[in-house]
Protein chains: 4
Amino acid sequence: MLDRGVESVSIEEVAAQAGSGKATIYRWWASKEVLALDALDRELSSVLAPDTAETGSLKEDMLVRLRELVRLFQERPFGRVFAGIVAHAQSDPEFALLYVDRFVRPRRQLMHGFLDAAVDRGELPAGTDYDFALDLVFSPFWNRVFHRHGPVDEAWAEQVVDAALAGLCAAPVRAR
Amino acid sequence: MLDRGVESVSIEEVAAQAGSGKATIYRWWASKEVLALDALDRELSSVLAPDTAETGSLKEDMLVRLRELVRLFQERPFGRVFAGIVAHAQSDPEFALLYVDRFVRPRRQLMHGFLDAAVDRGELPAGTDYDFALDLVFSPFWNRVFHRHGPVDEAWAEQVVDAALAGLCAAPVRAR
Amino acid sequence: MLDRGVESVSIEEVAAQAGSGKATIYRWWASKEVLALDALDRELSSVLAPDTAETGSLKEDMLVRLRELVRLFQERPFGRVFAGIVAHAQSDPEFALLYVDRFVRPRRQLMHGFLDAAVDRGELPAGTDYDFALDLVFSPFWNRVFHRHGPVDEAWAEQVVDAALAGLCAAPVRAR
Amino acid sequence: MLDRGVESVSIEEVAAQAGSGKATIYRWWASKEVLALDALDRELSSVLAPDTAETGSLKEDMLVRLRELVRLFQERPFGRVFAGIVAHAQSDPEFALLYVDRFVRPRRQLMHGFLDAAVDRGELPAGTDYDFALDLVFSPFWNRVFHRHGPVDEAWAEQVVDAALAGLCAAPVRAR
DNA sequence: CGGTAATCGAGACGGTACGTCATGTCTTACA
DNA sequence: TGTAAGACATGACGTACCGTCTCGATTACCG
């Protein structure tokens, strides 16, 4: 899937390579995309690693996760599979829910913890819109992953976090 | 396509609805995705409209375009088709080039003009990385379109532009 | 099976309806067809009933059994299942043997007794080919069951027996 | 199909051997059985051959066709395929109609001509039930094909026709 | 103005993959 | 120990589209 994308892989191929019947694949995964989601969840679990806990600085907390994401995507081309998953989620509401439940929510929730702590420490204005904040920090990453219009590396990650946090402090956005 | 996504539409269906033979479709478009790109380009051309020229303020220049995007996406669900196009571009390099050429580049170039003017006016530090700047402003939009984790409206658009520009001034990023 | 034919019934269905595991069905019957044969044998055993013994007239002896067959097939649509069994026997020699052993032979043997007696009584020429004789009497029945090109009822049964026996006497056939 | 029966042949196999796609087979034949029927019709067309016309004697007319059938079935094992077709017709009424239309009716109609002529010549009582008559002559053939309980050859064919015609004259059956 | 292209609709074709179903074997867990 | 429940590898089912291809019919242009 990493090599050719979700949609170019057939369940028939998966079953053959697994030495199993198609029906067995279907018994456990409702579709190629659910299978891909399961696999991605596994491969990208290091971002959620509890052993790299809160650092005491919001910038550092975010940078640790963003750097880990960058590292993983540099190592292996997850972008193709991700694009396939996101595209599929547009047309399959049930899958969209699963995607959010299994992938998006846990990662967002981890960040919510760090944001809470940052507000407590006074690093961020109280009442800051977390969804807005996380978009500012992480969406440039996804944008570059999907469009490849520029490099995605550690230096860039730090610039993004710096700019985003500066923006959040200079132009605070309260949750509505 | 807007209703069901690119991949759920078959060329056979397109041909039937157009009252033409499949071969005629293939004669003019290399694939469903190219066809979709052509259609999107047409429907989203208003963002490039020259009649809404430079306003004298970078914030306003960006806001005009972002608001237009928001308006278009509120009116009709382009997100589904876009996700399909982006996903397809991941696996088909030739199509990726076409996508950038026909869709991404013209829109980015328009913005480059506004950024140049902003630098001239001193609104932005000289040497600012334009790709970085545009990511900061526009990627939250695509992120919300693809993930639907929050509203996308005019008020939100202004908050994004404010935060992004503030971030860019507070933590300047020079093109490398 | 009577409703839908042997081949449209799955072992899975049988097991489910019996409240048993599939393996248990397989332990006792080698295949759907053997199971069907067992069931048919039971349902069609009345033709072999010893309580309706020799009548003293060949015509009557045959008519009793043919009428019983007709009655059974009028009551319930055994034809479908029979066709399935006969078809299966064409491709599975082992099953063919079982079919003859369990179903065909006992019924033919009963008739042989009546034919012997008829020869003794002088109703039939000595040396008559019994297989030939039984074909003449009973094959129209199977033909109509399988092709449904005409009614199968008591009046018809008597006509068949009359014509067949007349033919056998007028154009005797000696066993070779 | 002759070697392994209709049901043991898969459409996939047919398509592969024909060097065509499955869909092409399905475009022209609704099912394996219809395909088999088409093939049988072709292979068994010699029975309908108009070049072997009326002989002037009913016995001879029937014998010519029955002998041709016997010859064909001796040459190649059509029985297996026939049993499959007959079995399938039991559960698929639409196919049953097709089978009668394409296979049974033309052959029966040919015989009706001969029977008419025989009645005209006085060989058969006027008003004879043709379906009954044809059953008497031909059903032993099908019975032996399906059950293989005895030889099917030219000598046997003549005995069948003799006995059947004798029976029809001795015990006339009027159409109801 | 009539003949020659080009273009088109229609749809057959060889393929690939789909998702479902049933096969017969097997393992597990309970009674 | 025997059995229900059901997982499993297998393989065919019939369907949907793919992208290519051949047909005629219809334009439309040129000689």
Side-chain angles (χ1 to χ4, degrees), chain A residues 4-35 88 92, chain B residues 4-35 88 92, chain C residues 1 4-35 88 91-92, chain D residues 1 4-35 88 92 95:
Chain A
R4 297 171 9 221
V6 194
E7 69 165 21
S8 303
V9 168
S10 69
I11 291 273
E12 233 143 52
E13 210 177 343
V14 171
Q17 228 173 88
S20 87
K22 267 197 295 177
T24 304
I25 307 290
Y26 280 111
R27 203 188 322 279
W28 298 104
W29 293 279
S31 68
K32 255 186 322 201
E33 285 79 16
V34 175
L35 175 59
H88 186 70
D92 180 343
Chain B
R4 303 181 354 232
V6 194
E7 68 165 22
S8 302
V9 167
S10 68
I11 291 275
E12 239 148 44
E13 212 176 343
V14 171
Q17 227 174 88
S20 87
K22 274 198 292 178
T24 305
I25 307 290
Y26 280 112
R27 206 186 322 274
W28 297 101
W29 294 278
S31 70
K32 255 186 321 204
E33 285 79 15
V34 174
L35 175 59
H88 185 69
D92 180 343
Chain C
M1 277 189 177
R4 302 181 354 232
V6 194
E7 68 165 21
S8 302
V9 168
S10 69
I11 291 274
E12 236 145 48
E13 211 177 344
V14 172
Q17 226 172 91
S20 86
K22 272 196 295 177
T24 307
I25 307 290
Y26 280 112
R27 206 186 322 278
W28 296 103
W29 292 278
S31 68
K32 255 188 321 203
E33 284 79 15
V34 174
L35 175 60
H88 185 69
S91 316
D92 179 343
Chain D
M1 278 189 177
R4 298 169 12 220
V6 193
E7 69 165 21
S8 303
V9 167
S10 69
I11 291 274
E12 235 143 49
E13 210 176 344
V14 172
Q17 228 173 89
S20 87
K22 267 200 293 179
T24 304
I25 307 290
Y26 279 111
R27 204 190 318 279
W28 298 103
W29 294 278
S31 69
K32 254 186 322 202
E33 285 79 16
V34 175
L35 175 58
H88 185 69
D92 179 344
F95 177 74

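Excluded from the calculations below are hydrogen atoms, water molecules and symmetry mates; all remaining heavy atoms, backbone and side chain alike, are included. Sequence lines set the chain letters: A, B, ... in the order given, protein chains first and strands last, and positions in each chain run from 1.
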- Task: Determine whether B:Val6 and B:Glu33 make a side-chain contact, defined as any pair of heavy atoms from C-beta on separated by less than 4.5 Å.
- Result: yes
- Query: Separation of A:Trp28 atom CH2 from E:dT20 atom C1', in whole Å?
  - Reply: 18 Å
- Message: Can you build the contact string for nucleotides 22-31 of chain E? Use B for base contact, S for sugar-phosphate-only contact, and - for no protein heavy atom under 4.0 Å.
- Response: SBBBB-----
- Message: Rounded to whole Å, please give me the gap between CD1 in A:Ile25 and C1' in E:dT20.
- Response: 15 Å
- Query: Under a criterion of less than 4.0 angstrom to any heavy atom of chain C, what are the 5'-terminal and 3'-terminal contacting nucleotides of DNA chain F?
  - Reply: F:dT3 to F:dA7
- Query: NE2 of D:His88 to OG of D:Ser31: how many Å apart, nearest 0.5 Å?
  - Reply: 4.5 Å
- Task: To the nearest 0.5 Å, tell me how far C:Ser20 OG sits from C:Lys22 NZ.
- Result: 11.0 Å
- Any donor-acceptor pair under 3.5 Å linking the side chain of A:Lys32 with the backbone of A:Val9? yes
- Intermediate values then yes/no, side-chain contact (heavy atoms from CB on, under 4.5 Å), B:Glu13 and B:Arg4: CA-CA 12 Å; B:Glu13 212 176 343; B:Arg4 303 181 354 232; 2.9 Å; yes
- Query: A:Leu35 has an atom CG; how far is it from atom P of E:dG19, in whole Å?
  - Reply: 12 Å
- Taking only N and O in the side chain of D:Thr24, is any of them less than 4.0 Å away from OP1 or OP2 of E:dA12? no
- Message: Distance check, rounded to the nearest 0.5 Å: A:Glu7 atom CD versus B:Glu7 atom CD?
- Response: 6.5 Å
- Task: Mind checking the CH2-OG1 spacing from B:Trp28 to B:Thr24? Nearest 0.5 Å is all I need.
- Result: 9.5 Å
- Comparing D:Gly19 and B:Gly21 on DNA chain E - which has the more 5′ nearest nucleotide: B:Gly21
